[in-house]
**Student:** 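My structure is below; once you've seen it, I'll send some questions.
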Amino acid sequence: PKDLALLAYIDAAFASHFDSKSHTGVAFFLGGALIFIASRKQKCVTKSPTESELVALTDYIGLVESFAELFHVRNRERDSQSTWAGIAGPVKLMYCEAVASSLL
């Protein structure tokens with residue numbers, strides 16, 4: 001199925017807790033279906049919204065890679081003829097902030 005793309009949305013809210021720590025939210029979709037969601041307080045204090053976004057990305061990029069590899073292996077087992085760079089393409093990591101969004 002060509003519509004089975006793995007999408008990862010990762011965002012951070014800067015200094016949203018009383019101890020000035022930021023908060024991270026993440027959602028993974030496979031073919032439009034939610035397969036993983038998490039929300040948690042960051043472990044460190046950041047000095048800017050940009051830094052809190054980078055902390056969020058570094059906290060979850062390993063999980064994004066693991067999901068991509070898992071689905072890559074599953075797809076290869078099913079169809080050894082396919083050339084795969086994701087289920088139907090590479091993992092799309094979306095960055096969404098306020099009103100603007102852009103594909104990285």
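What you are looking at is a predicted structure, and each value in this text was computed from that prediction instead of being measured.
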**Student:** Can you tell me which residue among R40, H17, K41 is in a side chain to side chain donor-acceptor pair (under 3.5 Å) with H23?
**Tutor:** H17
**Student:** Hydrophobic cluster membership, with links at side-chain heavy-atom distances under 4.5 Å among I/L/V/M/F/W/Y: are F14 and I10 in one?
**Tutor:** no
**Student:** Where is the tightest heavy-atom contact between V55 and T58, given as atom of each residue plus distance?
**Tutor:** O-OG1, 3.0 Å
**Student:** Using modelled atom types and a 3.5 Å cut-off, is there a donor and acceptor pairing between side-chain atoms of Q42 and backbone atoms of S52?
**Tutor:** yes
**Student:** Donor-acceptor pair, S22 side chain versus A15 backbone, under 3.5 Å?
**Tutor:** yes
**Student:** Could you go through L30 and F67, starting from their C-alpha distance and side-chain angles, then the distance that decides it, and tell me whether this counts as side-chain contact (heavy atoms from CB on, under 4.5 Å)?
**Tutor:** CA-CA 10 Å; L30 181 63; F67 269 99; over 6 Å; no
**Student:** Which word best sums up how the rings of F28 and F36 line up, parallel for under 30°, tilted for 30 to 60°, or perpendicular for over 60°?
**Tutor:** tilted
**Student:** Hey, could you give me the CG/CG distance between L34 and L7, rounded to the nearest 0.5 Å?
**Tutor:** 11.5 Å
**Student:** Any side-chain heavy atom of V26 sitting closer than 4.5 Å to one from V64?
**Tutor:** no
